[in-house]
Number of protein chains: 2
Amino acid sequence: MLMSKLFVQTLREFPNDAEAVSHKLLVRAGFIKKLTNGIYTYMPLAQRVLSKISNIVREEMNSSGAQELTMPFVQPAEVWQKSGRWAKYGKELLRCKDRHDNEMCLAPTHEEVITSVVSDVVNSYKQLPINLYQIATKFRDEIRPRFGLLRGREFIMKDAYSFHTSQEDLEREYEVMARTYTNIFKRCGLETKAVQSDSGAIGGAVSHEYMVLTDTAVGENDVFYCDNCDYSANSNHAISILPKETTNGAEYGYSEEHIVDTPNTRTISELAEFLKINSDCILKAVAYIYDSKPAIVMIRGDKEVEETKLMNALNALEIRPMEDSEVRELLGCEPGFISYKNVDKTKVKVLFDLTTKGMKNFVVGGVGKDKHLVGANLEDDIKDFVDISLVKEGEYCPKCHKPLKVTRGIEVGNIFQLGTKYSEPMNACYTDEQGQLKPYIMGCYGIGVSRTMAAAIEKYHDEFGIIWPMAIAPYHVDIVPVNVDDPEQKKIAFEMYNKLTDDGIEAIIDDRSDRAGVKFKDSELIGFPIRITVGKTISEGLVEYKIRATGETIKLTPEEAIQKTIKTVRDNVKKSA
Amino acid sequence: MLMSKLFVQTLREFPNDAEAVSHKLLVRAGFIKKLTNGIYTYMPLAQRVLSKISNIVREEMNSSGAQELTMPFVQPAEVWQKSGRWAKYGKELLRCKDRHDNEMCLAPTHEEVITSVVSDVVNSYKQLPINLYQIATKFRDEIRPRFGLLRGREFIMKDAYSFHTSQEDLEREYEVMARTYTNIFKRCGLETKAVQSDSGAIGGAVSHEYMVLTDTAVGENDVFYCDNCDYSANSNHAISILPKETTNGAEYGYSEEHIVDTPNTRTISELAEFLKINSDCILKAVAYIYDSKPAIVMIRGDKEVEETKLMNALNALEIRPMEDSEVRELLGCEPGFISYKNVDKTKVKVLFDLTTKGMKNFVVGGVGKDKHLVGANLEDDIKDFVDISLVKEGEYCPKCHKPLKVTRGIEVGNIFQLGTKYSEPMNACYTDEQGQLKPYIMGCYGIGVSRTMAAAIEKYHDEFGIIWPMAIAPYHVDIVPVNVDDPEQKKIAFEMYNKLTDDGIEAIIDDRSDRAGVKFKDSELIGFPIRITVGKTISEGLVEYKIRATGETIKLTPEEAIQKTIKTVRDNVKKSA
């Protein structure tokens, strides 16, 4: 491809609205163009990257035995009503009406449709297991689309759904998909970590996320992992062992239950300081509104609430912290002095975090403004504890008790054991060997194709631009004649271009009459893995061969540069086994 | 692929709601599954066909110099308001509101977005010409979706858009696309005819449709063509020379203008019979409502109105014939006796078809109930005539005057010279050599990818099922061991399957324990181009090699059958030149 013909526009400045590195670079290097909030055109350079990722996904999915199909993007309400998600899925599900006033929606995911398709076709256990996938556009009407392709509204996803007659067979396929996913990302040049995660709106009991670990990614989740064993989990799902599992206010002289005056102690730290007690001896209350109803979460004073866990515990669609005026109105007490003690439990939902179980002689509110109860203990009838706390660095691995580490991770894929979450409400059944109707046991498996492109940039970039892994680079090599008006430079450059292209190498030749500096800057910004510069040294029969990732530059003859390019490309672009 | 594992369900019966052959066969052979009206899941067999068509399209478009990108499916109203189509596009444009109440729509086509993208990137004449394409899902909310994939609501389309500095350069690219289209369809195994056509909602001056000619397709347009020269046109655009260009009522004795009683002559044939005159001497009036306003079309009595032409002439979004009650109310006269003579032209739009120009001493209504004026002539001030008549078989070619022929055609592609229809209202300009801002001169080029799959079936089928052209067949060959419990049959069949697969041939092996008759029926219904049957004759070292298209059956050794299959596939699946 001639650079002068390539439909691309690189920009001098980063876009104003971009926070994430991948967003900045995708726009500045001319890969994407915004149409409206969270909706982008994939320009030809991005299209090539996406095609390569899609083809890798397709090859690996096919060789795992899955079959490709394509399901509709525009879907009728009925199928979502059957599963119960028409009511449950929030505003991310964009709904509309067709010209005949039928309720429709834009697919954010396809569990409903695939379950309906399979239940039409698969009647007998003999037809199972089956795994079906598609690579298609999805739409999620995010409340605040941002970070470019990392949290867009319209995006490209590979989604697969498997159907089984037993949990064991689902687990077998889950392992197959886990291996397939590791291969897919490895072929894309990305090391991933499979971490335990929350199942979110998709549901199901067991799920893992495939994370590209990188400290810098903004807006992405923390991942807690253990260097000593294989434990790792998204912060929304991570559990830990606390360095101090039990705490006792008696250590601070508060062994007898009584009320003390604690003026102006609205925060945990103010209260701890005032009482000369460690915050882990304070039973903290945090008030929330969930689906328009009030809730109080009781948690140890040194811990924070993990809101995804809380949403799950409340089985809520939406949650938000309670405002001060709501605390006064709904709980009847002063913010900073609330607790489970003085609320009407028939009207306010009360949850106890697991961390509260090990507390003795604690400090707690709920006894009026500017007062706290000290030396308190949980009543014997409080028996239900749930895990709703956020793990902190320094806490211990739940499997091997070594210290947990934390890093930022970008989710590029996820796998779920759904069980019968969809097949049961949708009455999607097969006949088993005994002639009994049984709901399918299902799994589902997603890969964010456009997200993977962005994640690769988050992982591989420097101050000059993108550094594409060879396997998903839009072109393998950029040939730059320094001066296109020099007949010798031009001739050698085009000869190399033609030879490489004939050999199946995807090459750009920068035939523009711009200054060399401009061409080099674009080359580094766009991130071609190899640059071959044909400049003055061609009089000595040499060109410059530069590796984008390392900056390593060597002088080679044109023929050596061609051979080195071909070898490098072949070594790095693996075909499916 | 093992037939026992393939995710397919063939049906014994055709679907009730199907009229078109392709619809019936796509459903019965398990290629598509209906989700709701006009919206289908493409099952794995269809997915393979669609991938092959898409790849052929992609290869040929790339080698023509076009560049692939992907534009959003969900689009904001603003970009459609800029072009003026937000108001003009009817209900086929499905509109919705996002969670922030922004008006959005689902893309039925992408002229607006591509014009906006290009105007961001292309500022100078030096960057032109450019041709950009995508293969993507589109949505058109058809009022009556039917005929399966031929008139669905959600469908797959290749759409390309080119940008130029001159009409000449647009015409050059138009010719490139014309050749590319002929190649694409030829590679898909389809002969097409490029016919002149109406530009419809897309607009522009010159356009051609690529038609697969087949007499049987229901719901598709008629194509008029000339065997003597290259003239051919969609009936919505065809023109002709009438065998009798001028008519004169004097031949029937009506040479003097006067009113005659014509009781109970509401139709042209009743009137012609009553007056003993040929219908071509009657000036017929047809009343319409267009965009809620009344119109009368005057046309020669032996001709019919072509409603697409009429819509264009009226620049209307919607038209429908006027009802009798409306005739009385809006025109103030009795149905059957209307004409331009007695209507208020400030309130009723009157159009004269070209055919009325050659009429002398005609019969016309508009002089009251049960009366007609005979021996009438058009007033001298009637000077505007428009072509709004439907061509009939037997009329003559407008280019060479030989008789026109008619056939049914399925549109699979179209090419348009848009000119500045979008760039001007959207103010999408480049700077020319003189430094002047000029709107781009544009072309656009569509291929219905899912429609092409259906058209192939309309063209190639018989009473037993589909007959796929090799290049787009879901699999090349179906290997059928008659009895899978016979170890010899099974062994030979699997050996052949493995050898063919290793050689890149896409093979099915029907490993099901069903009766041979069931397997043969499925094989013919699905339409695999070659079937190799391994049955009792294997004891003589022979298998049966059957060509689906011709029914020809020959006995071959397994090795001969393998070689013949490989050769047939290679000969019929051409790579891009």
Side-chain angles (χ1 to χ4, degrees), chain A residues 1 4-9 30 33 35-37 39-44 46-48 50-51 65 67-76 78-79 91-92 94-100 102 104 106 113-114 116-118 120-122 126-127 130 132 134 136-137 139 141-143 153-154 156, chain B residues 1 4-9 30 33 35-37 39-44 46-48 50-51 65 67-76 78-79 91-92 94-100 102 104 106 113-114 116-118 120-122 126-127 130 132 134 136-137 139 141-143 153-154 156:
Chain A
M1 170 63 72
S4 63
K5 295 283 177 203
L6 181 67
F7 187 64
V8 64
Q9 179 192 38
K33 204 157 263 297
L35 177 61
T36 189
N37 264 350
I39 301 182
Y40 296 88
T41 293
Y42 304 111
M43 303 288 275
Q47 180 66 38
R48 294 179 69 93
L50 294 171
S51 295
Q67 295 179 53
E68 188 177 1
L69 43 57
T70 301
M71 288 177 274
F73 181 64
V74 181
Q75 305 185 349
E78 289 82 39
V79 71
K91 289 190 173 172
E92 279 182 28
L94 186 63
R95 294 149 215 248
C96 57
K97 285 188 177 175
D98 73 7
R99 68 192 291 159
H100 299 301
N102 297 308
M104 312 290 284
L106 304 188
V113 172
I114 195 71
S116 143
V117 166
V118 168
D120 263 5
V121 173
V122 173
K126 290 181 196 163
Q127 295 165 278
I130 189 120
L132 300 162
Q134 64 177 350
T137 297
F139 194 88
D141 201 5
E142 295 277 351
I143 188 159
R153 294 199 285 173
E154 187 173 311
I156 304 171
Chain B
M1 170 63 71
S4 63
K5 295 285 177 202
L6 181 67
F7 187 64
V8 65
Q9 179 193 39
K33 205 158 262 299
L35 177 61
T36 188
N37 264 349
I39 301 182
Y40 296 88
T41 294
Y42 303 112
M43 302 288 274
Q47 180 67 37
R48 294 179 69 93
L50 294 171
S51 295
Q67 296 179 52
E68 189 177 2
L69 43 57
T70 301
M71 289 177 273
F73 182 63
V74 181
Q75 305 185 349
E78 288 82 41
V79 70
K91 289 189 173 172
E92 281 183 26
L94 187 62
R95 295 149 215 249
C96 57
K97 285 187 176 176
D98 72 8
R99 69 191 292 159
H100 299 302
N102 297 308
M104 311 290 282
L106 304 188
V113 172
I114 194 73
S116 142
V117 166
V118 168
D120 263 6
V121 173
V122 173
K126 290 181 196 163
Q127 295 166 278
I130 190 117
L132 300 161
Q134 64 177 350
T137 297
F139 194 88
D141 201 5
E142 294 276 351
I143 188 160
R153 294 199 286 173
E154 188 173 311
I156 304 172

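Every chain is numbered from 1, with letters handed out A, B, ... down the list of sequences.
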Below 4.5 Å, heavy-atom pairs only: which of V79(A), I156(A), I130(A) has the largest tally toward chain B? I130(A)
Does the pair Q9(A) and V122(B) meet the rule for a side chain to side chain contact (heavy atoms under 4.5 Å, CB included), with working shown? CA-CA 8 Å; Q9(A) 179 192 38; V122(B) 173; over 6 Å; no
Part of L132(B) lying under 4.5 Å from any heavy atom of chain A: side chain
Can you list everything that forms a ring-ring contact (aromatic ring centres under 6.0 Å, His included) with F73(A)? Sequence neighbours excluded, please. F73(B)
Result for side-chain hydrogen bond (donor to acceptor under 3.5 Å, both in side chains) between Q47(B) and one of Q134(A), Q67(A), E68(A) points to E68(A)
Taking the side chain as C-beta and beyond, is there a heavy-atom pair between V113(A) and L35(B) under 4.5 Å? yes
Grab the two heavy atoms, one from V118(A) and one from F7(B), that are nearest each other, plus how far apart they are. CG2-CZ, 3.8 Å
Under 4.5 Å to a heavy atom of chain B? For E92(A) that would be both
At a heavy-atom separation under 4.5 Å, does L106(B) approach chain A through its side chain, its backbone, both, or neither? side chain
Mind running side chain to side chain contact (heavy atoms under 4.5 Å, CB included) on R153(B) and D98(A) for me, showing each step along the way? CA-CA 11 Å; R153(B) 294 199 286 173; D98(A) 73 7; 2.9 Å; yes
Who are the salt bridge (Lys or Arg N to Asp or Glu O under 4.0 Å) partners of R95(B), not counting sequence neighbours? none
With chain B, which of I39(A), V74(A), N102(A) has the greatest number of heavy-atom pairs at distances under 4.5 Å? V74(A)
Examine whether an atom of K91(B) lies under 4.5 Å from a heavy atom of chain A, and if so say whether it belongs to the side chain, the backbone or both; otherwise answer neither. both
Does any heavy atom of chain A fall under 4.5 Å from the side chain of D120(B), the backbone, both, or neither of them? both
Apply side chain to side chain contact (heavy atoms under 4.5 Å, CB included) to H100(A) and N37(B), showing your working. CA-CA 11 Å; H100(A) 299 301; N37(B) 264 349; over 6 Å; no
What residue, out of E78(A), Q75(A), R99(A), M1(A), has the most heavy-atom pairs lying under 4.5 Å from chain B? R99(A)
Does any backbone or side-chain atom of K126(B) lie under 4.5 Å from a heavy atom of chain A? Answer side chain, backbone, both or neither. neither
Heavy-atom pairs under 4.5 Å with chain A, option from K33(B), M43(B), M104(B) with the top count: K33(B)
